[in-house]
Amino acid sequence: MSDSKQPLISIDKLAKVFEESTPSYNAQEAIDESNRCLYCYDAPCITACPTGIDVPAFIKGIASGNIKGAAKIIMEDNPVGATCARVCPTEELCEGACVLNHSTKPIMIGQLQRYATDWAIKNEQVLFKAGEKNGKCIAIIGSGPAGLSAARELALLGYEVIVYEAKREGGGLDTHGIVPFRLPKDISLWEVKQVENLGVEIRTNIEVGKDILAEDLVKEFDAVILAVGMSKVPMLGIEGEELDGVYDAIDLVENVKINGVTDEDFSGKRVAVIGAGNTAIDGATISARLGAKNVKIIYRRTEAEMTAYDFEYEFAKQDGVEFRWLMSPKRLIGDDKGHVKQMECVRMELGEKGEDGRRHPVEVEDSTFTMDVDIVVKAIGQTRFRRLIDHFGLEHNGGVVQVDPQTYQTSIPKVYAAGDVIFGKGQGEAMVVSAAQQGKEAAYSIHKQLNKSRIETA
Amino acid sequence: MADLRIDFAGIKSPNPYWLASAPPTNSGYQVQRAFEAGWGGAVWKTLGDPVLNVSSRFGANHFNGKRVVGFNNIELITDRPLEDNLKEIYETKKRFPDHPIIASLMVEPKREKWHEIVKRVQDVGVDGFELNLGCPHGMSERGMGSAVGQHPDLVEKTTIYAKEKAEVPVIVKLTPNITDITVTAKAAARGGADAISMINTINSLIGIDLDTWNTIPNVNGKGAHGGYCGPAVKPIALNMVGECARDPEINIPISGIGGISSWQDTVEFMLMGAGGVQVCTAAMHHGFRVIEDMVDGLNNYLDEKGISSVNEIIGASVEKYTDWSNLDLNYKVVARINNDICINCNKCYISCEDSAHQCIDILTDANGKEYLKVQEEECVGCNLCSIVCPVEGAIDMVELPQTEPSMTWLERQAAIQQS
């Protein structure tokens, strides 16, 4: 690692990194596009949205000039609706369900959603008011999409809500973990602010298990929601991983997005990104924008098995990112200064189907080779906050907190969980929009449970 | 190539398209540009005693992102000196001898006034006159335009005055701001009109500005009703042309005006009895070049139908236009949904459910896929579903074999009387 975290990104490069890759609609584009909407009865786009946004209703609002109404419809169903307008895999959700796929081309729902929410942001609209206080208090751990959505719904229902956030700013993955040219930080922070405006207190720089104990939270609050998401990229488990020039993709994105720094200059460098999920795409595209000469994504399976969304894959290709399938790193080799200079790889082939239904990659004998690299970015998934889960004493399956799928209650009935912390091992979806919906449902479940107990004790 | 030439009440034109009397025919420069672009003829912007115009003048009705579905104006007749107009008519006619120029006229309903203007304008060599008895704004407050056109006796008298001095055909332009246009059409015929033209514009107020609460358009904070035209008025105009065309007492040519924007509109007006058409809003919206497709499309249509002259279609649909009482009560069509083409927007379902006869069901097939089906025995054949359907060919209105002999309301009432 370099001695000091001095900014190594030029202003020009930073501007390129922060510029949103998709331009927003202007007013005329929004009106033209919204007027194409058929206003289907029982519209499939609504059903396809995990948060059930009434899409035709908000599009009607844009078409009629009632943009405030449109923004409210969006944000009512989805407290992170401005974020989702940018990061949702819309072609697999609302736009994929649009009936116009069968006649012309689908309505660009994501763009219209962005137009309406951007309008609300720009015009500093107040869309919601907190409910009358009901005297109950809920603690939420984590202020990402799940925690924020739960907090918003609980505040509307009259709960006092305190959110504990380990980082300096709220918003979780949306604020820190999604590349800025896909989702600027300000959008996520506006959503955080909307929730704070309802009286929700977000206590930042507080780590549960260190600064405050789980048992105290469980004791002091009427309910607790665990919405901490996921943690860092796991170790590759190969030699040379500790060398300089080897990055965790999530750290890399956060450093650039929040602090505007990298540990070294990426200009003219050869970057190898390990993994082929959406985080890998982020690691690759941010490297390209930071000036890397060549960016390769190294994946041990094939195009068919990669987990990145189609539009992310397409986006990376547009950025000139190369894809190397059926290849796995075996060893990282450093120079005399302790900086990575080469990567030894082995070729793979697909074998039998594994537990997850995907064919398992196996090494091809005597196929090792080395490639020259200047930077390696690891993006092979995310680890779990195992220590925190154990600190609560919650049942889990390999770090995936187990919940009742109806109530979102964990093995400790007062503790609920939502978002990426319950994603995996066949449970749930890893999308921001799904986390938002789970946060809402956990909030409703708490409301139901607490009212039930009130009735029972009355 | 079909023959597009027409002879309208003795006025020969290379094609049936004339620019209507309006802002596009305000000057020689404009009319000459129009003829160069391919317009057959032009009705010069109304000449009369000098007027003053206001600013602003036009308003438009935009609907769901489509601009100028309807258009309105509070502009009066020409505000240029009569001498200038006459000089330019003369020059234009000299340059384009084969393109008819019809002078629109408007003066007070007094014999000497009409004699004077007819003579003056006739001297420069026009192919015909159109008496503006229809303009609904401004001039009507001074006893001209629609103030004349709304009184059958004044229509007749004015026509007589003009005819007394006119040596070229006289067309009487009628106002739609009247209960039954056939009454004034007959009055014009009685006065000796060689033809009638319709419709002039409809009384209208385009809208109110939601911030200032001023009318649209507004003149220093005040507004007055204007004349409405453009695509939105086409059905109203087409009906009025049809009503006159099918009236046995009206036997003079009709020049069709009102929202004509395409060759299809033109064919419809001519089928319904128009011997030629006049266009304004389409040219104001898009420029004179709109004539190119209007001519070309009409030509191709006629060729495709094997029709050698446009004159053959004039009035061909008139006999199909009748009174409600003559419609067959035993005829039945029903909606049929083509599930291969249907995109499942369910607009037909909800329109039928909320506003018609609740006869479309959303069903699920063996594969769990939703599809729509019409209960034909409940369907009254209203067309609503096929109207709201956004996909061409997804809903057909199908004729059912007739189970009972045709019977109109009149026949039915007569049968009841006899029994």
Side-chain angles (χ1 to χ4, degrees), chain A residues 25-49 52-70 90-109 111-112 115-116 119 123, chain B residues 60-69 207-213 216 231 335 337-365 367-374 384-396:
Chain A
Y25 274 175
N26 62 35
Q28 192 61 50
E29 285 173 303
I31 284 176
D32 288 352
E33 187 63 6
S34 58
N35 273 310
R36 285 207 309 122
C37 177
L38 298 176
Y39 310 108
C40 296
Y41 171 73
D42 207 5
C45 49
I46 304 175
T47 322
C49 175
I53 293 176
D54 190 343
V55 174
F58 95 68
I59 292 180
K60 186 79 192 169
I62 295 173
S64 83
N66 176 17
I67 309 172
K68 181 175 184 173
T90 48
E91 70 269 37
E92 291 173 29
L93 300 172
C94 51
E95 289 168 15
C98 179
V99 299
L100 287 176
N101 280 297
H102 307 297
S103 67
T104 52
K105 55 182 182 183
I107 300 294
M108 296 292 107
I109 299 169
Q111 277 283 30
L112 290 173
Y115 177 78
W119 183 90
N123 292 284
Chain B
N61 195 6
H62 310 305
F63 183 74
N64 281 2
K66 275 267 176 285
R67 295 191 76 78
V68 197
V69 174
I208 309 291
D209 184 288
L210 294 185
D211 294 321
T212 62
W213 298 0
I216 302 170
I337 296 168
N338 302 314
N339 290 110
D340 294 342
I341 298 172
C342 173
I343 60 171
N344 295 86
C345 70
N346 298 346
K347 288 190 83 71
C348 59
Y349 167 82
I350 199 61
S351 62
C352 186
E353 196 68 10
D354 287 354
S355 308
H357 295 80
Q358 301 79 46
C359 54
I360 299 179
D361 295 323
I362 301 178
L363 304 170
T364 308
D365 70 13
N367 301 320
K369 189 181 177 296
E370 274 187 2
Y371 70 101
L372 295 153
K373 195 171 179 357
V374 177
L384 180 60
C385 57
S386 70
I387 288 168
V388 302
C389 178
V391 184
E392 202 57 48
I395 302 182
D396 291 328

If you count heavy-atom pairs under 4.5 Å between each of A43(A), C40(A), P44(A), C98(A) and chain B, which one has the most?
C40(A)
So do the side chains of L38(A) and I343(B) get within less than 4.5 Å of each other, counting heavy atoms only?
yes
Would you compute the distance between atom CG of D354(B) and atom OH of Y41(A) and round it to the nearest 0.5 angstrom?
7.5 Å
I need the K66(B) NZ to D32(A) CG distance, nearest 0.5 Å.
8.5 Å
Residue among T104(A), N35(A), L100(A) with most heavy-atom pairs under 4.5 Å to chain B
N35(A)
One should read off an interatomic distance between D340(B) CG and H102(A) NE2, to the nearest 0.5 angstrom, of 13.0 Å
Look at atom CZ of F63(B) and say whether more than 12 heavy atoms of other residues, nucleotides or ligands are closer to it than 6.0 Å.
no
